[in-house]
Peer 1: 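Quick one: the structure is below, and I'll ask about it shortly.
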Amino acid sequence: MEYFQGNTLAEIENHLIEKLRYEWEGNIMNLKRRAPDFAKTMKMPSILLSDMKSLLGQWISETREIRLSRDLVFNGRWDSVCEVLKHEMAHQLASTFPQSRNETAHGKTFLECCHALGANPRASGTYKTLEQRVFEESDDENDRVMIKVKKLMNLALSENRHEAEKAAAKANQLIAKYNIDIIQKNRPREFESIYITRPTLKRTQAQQLASIILDDYYFVKHIWISVYMPERGKTGSILEISGTRPNIKIADYVFHYILNYAEKCWQAYKKENPGCRSRSGFMAGVVRGFDSKLEEQNTFREQKQPSNINEPHALINIKDKALARFYHHNHPSIQTTAVSCQSASQTAYLSGIDRGEHLTVSKAISSTGTNSGRLLE
């Protein structure tokens with residue numbers, strides 16, 4: 001809530017409700033593209049915050065209200081809040097169909113409404129919030145692979161550049177091998193979507209280039225989506241990535257590590273070149289350099305193992321069609337645009353590329369989620 005410093009609690013709550021109404025309207029826009037007949041039945045409900053102890057959200061058909069946990073909205077991640085809102089919107093949509101009155105709360109009509117809205121229908125038992133599902137540790141196969149990747153990334157802490165790069169490359173190879181096996185055998189897998197940045201009014205070139213790297217090498221799909229920033233009275237954007245839980249954790253770590261590295265390199269370059277003001281161009285160069293290094297490693301593996309499709313080479317040539325379907329269902333109006341780099345200083349940009357080519361992803365993946373699992377209704 002640092003965005004609302006200086007506001008009273010009542011003012012903050014009004015801002016958050018305004019933001020939720022914006023999210024509701026955005027979900028309806030997507031519903032119009034997927035199921036226009038369904039969208040016609042939806043009217044803006046009252047959206048209220050309530051001190052619910054055992055529920056995250058609730059749809060009250062009689063009064064046409066969506067109630068959300070005040071604690072969740074004030075203290076939870078915004079993507080978790082949006083997931084709960086969309087779930088309750090599915091209940092709202094289901095209530096417009098007469099046949100739903102003869103079904104259970106999570107019956108056939110509700111499930112069809114969830115699919116149309118892209119909502120999460122799982123709402124029985126001890127429901128886990130989005131951050132719990134993505135970031136909590138477990139003993140399943142996915143986390144065992146994650147442990148191996150962490151060990152390799154820890155080895156990459158070596159001060160010997162050759163050893164560090166070898167360990168980082170091996171970590172990437174393990175990620176690729178694991179995912180390619182799952183994709184080729186079409187093993188059952190669940191996808192999630194989660195925000196990995198805070199809302200911003202202006203994306204940097206470095207952020208945009210780093211998000212593309214995640215798509216190309218880390219088995220996730222990204223999108224910069226529109227989000228209302230009531231504290232600024234403007235619409236900004238936020239980075240969402242979609243993928244399996246272990247891939248999201250890895251991609252989240254890599255994205256922030258690249259940008260933190262680029263910032264540190266810029267601070268060092270600025271000391272050496274105090275007259276340079278091209279921070280954006282330099283940092284974009286760092287990310288571009290890291291991208292070139294990954295592509296070079298890929299090319300080397302392709303040349304070494306060109307014929308056996310079961311080997312973990314050519315990461316960018318293996319795409320998960322199931323993930324693509326999940327992604328495009330959630331974002332039916334997606335459009336792809338190219339990212340161009342502009343810099344006031346070509347020297348700064350090229351210097352950044354040189355620093356980026358020396359980047360090694362060298363720290364263990366950390367979990368940043370919080371635990372606050374409760375029930376949906």
Side-chain angles (χ1 to χ4, degrees), residues 14-50 52 55-69 72-73 78-124 127 130 191-193 195 199 221 223-230 234-238 240 242 324-336 376-377:
N14 287 335
H15 282 314
L16 290 170
I17 290 174
E18 185 180 3
K19 193 171 184 179
L20 288 165
R21 289 171 64 88
Y22 179 89
E23 294 289 347
W24 189 95
E25 291 173 341
N27 290 332
I28 295 300
M29 290 296 294
N30 280 334
L31 181 63
K32 287 179 179 178
R33 298 183 180 98
R34 299 190 197 104
D37 290 339
F38 281 20
K40 291 176 183 178
T41 69
M42 293 288 277
K43 305 294 182 184
M44 174 68 76
S46 297
I47 299 179
L48 307 173
L49 305 188
S50 177
M52 298 184 286
L55 298 173
L56 294 174
Q58 190 176 33
W59 161 248
I60 310 296
S61 182
E62 294 76 14
T63 54
R64 296 189 64 255
E65 294 176 356
I66 288 179
R67 296 179 184 175
L68 298 179
S69 161
L72 172 70
V73 176
W78 191 248
D79 40 17
S80 288
V81 174
C82 291
E83 182 181 51
V84 175
L85 173 66
K86 195 179 290 187
H87 178 99
E88 301 309 328
M89 287 180 65
H91 279 298
Q92 179 188 359
L93 179 57
S95 71
T96 66
F97 295 94
Q99 65 268 27
S100 67
R101 298 167 192 166
N102 300 319
E103 299 175 357
T104 63
H106 300 107
K108 181 181 177 182
T109 302
F110 169 76
L111 294 177
E112 290 175 353
C113 293
C114 281
H115 180 73
L117 277 162
N120 181 357
R122 292 170 295 182
S124 60
Y127 182 78
L130 181 60
F191 302 112
E192 304 279 7
S193 297
Y195 299 155
K221 291 189 73 67
I223 183 173
W224 287 92
I225 61 176
S226 175
V227 59
Y228 183 58
M229 302 172 66
K234 297 180 180 179
T235 300
S237 58
I238 194 168
E240 177 190 275
S242 299
R325 288 193 296 270
F326 173 86
Y327 173 79
H328 286 291
H329 181 74
N330 285 348
H331 303 289
S333 61
I334 183 67
Q335 294 181 346
T336 302
L376 287 177
E377 183 173 280

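Just so you know, these numbers come straight off a predicted model, no measurement behind them. Just the heavy atoms: all of them, side chains too, but no hydrogens, waters or symmetry mates, feed the values below.
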Peer 1: Side chain of Ser100, backbone of Ala94: donor and acceptor closer than 3.5 Å?
Peer 2: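 Checked: pair present.
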Peer 1: Should Met42 and Trp24 count as side-chain neighbours, where that means a heavy-atom distance under 4.5 Å?
Peer 2: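 A side-chain contact exists here, since the closest heavy-atom pair is under 4.5 Å.
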Peer 1: If we only count heavy atoms from C-beta on, is the Ser237 to Trp224 side-chain gap below 4.5 Å?
Peer 2: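 Yes, side chains in contact.
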Peer 1: Kindly give the heavy-atom pair with the smallest separation between Arg34 and Gly118, and that separation in Å.
Peer 2: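 Nearest heavy atoms, Arg34 then Gly118: NH1-N, 4.0 Å.
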Peer 1: With heavy-atom distances below 4.5 Å as the criterion, would you say the side chains of His329 and Arg325 are in contact?
Peer 2: no
Peer 1: Which distance, rounded to the nearest 0.5 Å, do you find between the CH2 of Trp78 and the CG of Leu20?
Peer 2: 4.0 Å
Peer 1: Quick check for you: to the nearest 0.5 Å, what is the distance between Ser193 atom OG and Asn330 atom CG?
Peer 2: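 Going from OG on Ser193 over to CG on Asn330, the span is 5.0 Å.
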Peer 1: For Thr109, is there any backbone N or O sitting under 3.5 Å from a side-chain donor or acceptor partner on Glu103?
Peer 2: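 Side chain of Glu103 to backbone of Thr109: a pair is present.
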Peer 1: How long is the straight-line distance from CG of Asp79 back to CD of Glu23, given to the nearest 0.5 Å?
Peer 2: 10.0 Å
Peer 1: Taking atom CZ of Phe38 and atom CG of Leu117, what is their separation to the nearest 0.5 Å?
Peer 2: 9.0 Å
Peer 1: Quick check: closest heavy atoms across His15 and Pro230, and the distance to 0.1 Å?
Peer 2: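 Looks like O-CG, 3.6 Å.
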Peer 1: Nearest 0.5 angstrom please: His331 NE2 to Lys221 NZ, how far?
Peer 2: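 One finds 10.5 Å between NE2 of His331 and NZ of Lys221.
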Peer 1: Considering only heavy atoms from C-beta outward, does the side chain of Val84 approach that of Val73 to under 4.5 Å?
Peer 2: no
Peer 1: Identify the heavy atoms of Thr235 and Ser226 that sit nearest to each other, and give their distance.
Peer 2: CG2-OG, 2.9 Å
Peer 1: With a 4.5 Å limit on heavy-atom distance, are the side chains of Ile28 and Met89 in contact?
Peer 2: yes
Peer 1: Looking only at atom types and distance, does a side-chain atom of His91 sit under 3.5 Å from a main-chain N or O of Ile66, one as donor and one as acceptor?
Peer 2: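 Checked: no pair found.
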Peer 1: For Ala90 and Cys113, which heavy atoms make the closest approach, and how far apart are they?
Peer 2: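 Between these two residues, the closest heavy atoms are O-CB, 3.7 Å.
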Peer 1: Check Lys32 against Ala39 and note the closest heavy-atom contact, atom names and distance.
Peer 2: CG-CB, 3.5 Å
Peer 1: Keeping Gln92 on the side-chain end and Lys43 on the backbone end, is there a donor-acceptor pair under 3.5 Å?
Peer 2: yes
Peer 1: Centroid-to-centroid, Phe110 to Phe97, below 6.0 Å?
Peer 2: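 Here the rings of Phe97 and Phe110 have centres that are no less than 6.0 Å from each other.
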Peer 1: Which residues pass the salt bridge (charged side-chain N to carboxylate O under 4.0 Å, His left out) test with Glu192, sequence neighbours left out?
Peer 2: Arg122, Arg133
Peer 1: If the condition is salt bridge (charged side-chain N to carboxylate O under 4.0 Å, His left out), which residues does Arg67 pass it with, not counting sequence neighbours?
Peer 2: Glu65
Peer 1: Residues in salt bridge (charged side-chain N to carboxylate O under 4.0 Å, His left out) with Glu25, at least two apart?
Peer 2: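 Partners of Glu25 under the salt bridge (charged side-chain N to carboxylate O under 4.0 Å, His left out) test: none.
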Peer 1: What's the spacing between Met229 CE and Glu18 CD if we round to 0.5 Å?
Peer 2: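 Here the rounded value is 13.0 Å.
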Peer 1: Could you tell me if the side chain of Trp59 sits less than 4.5 Å from the side chain of Leu93, heavy atoms only?
Peer 2: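 Leu93 does not reach Trp59 side chain to side chain.
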Peer 1: Other residues, nucleotides and ligands only: do more than 12 of their heavy atoms fall within 6.0 Å of CE on Met29?
Peer 2: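 At most 12 heavy atoms, drawn from other residues, nucleotides or ligands, come within 6.0 Å of this atom.
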Peer 1: For Ser69 and Met52, work out which heavy atoms get closest and say how close.
Peer 2: N-CE, 3.3 Å
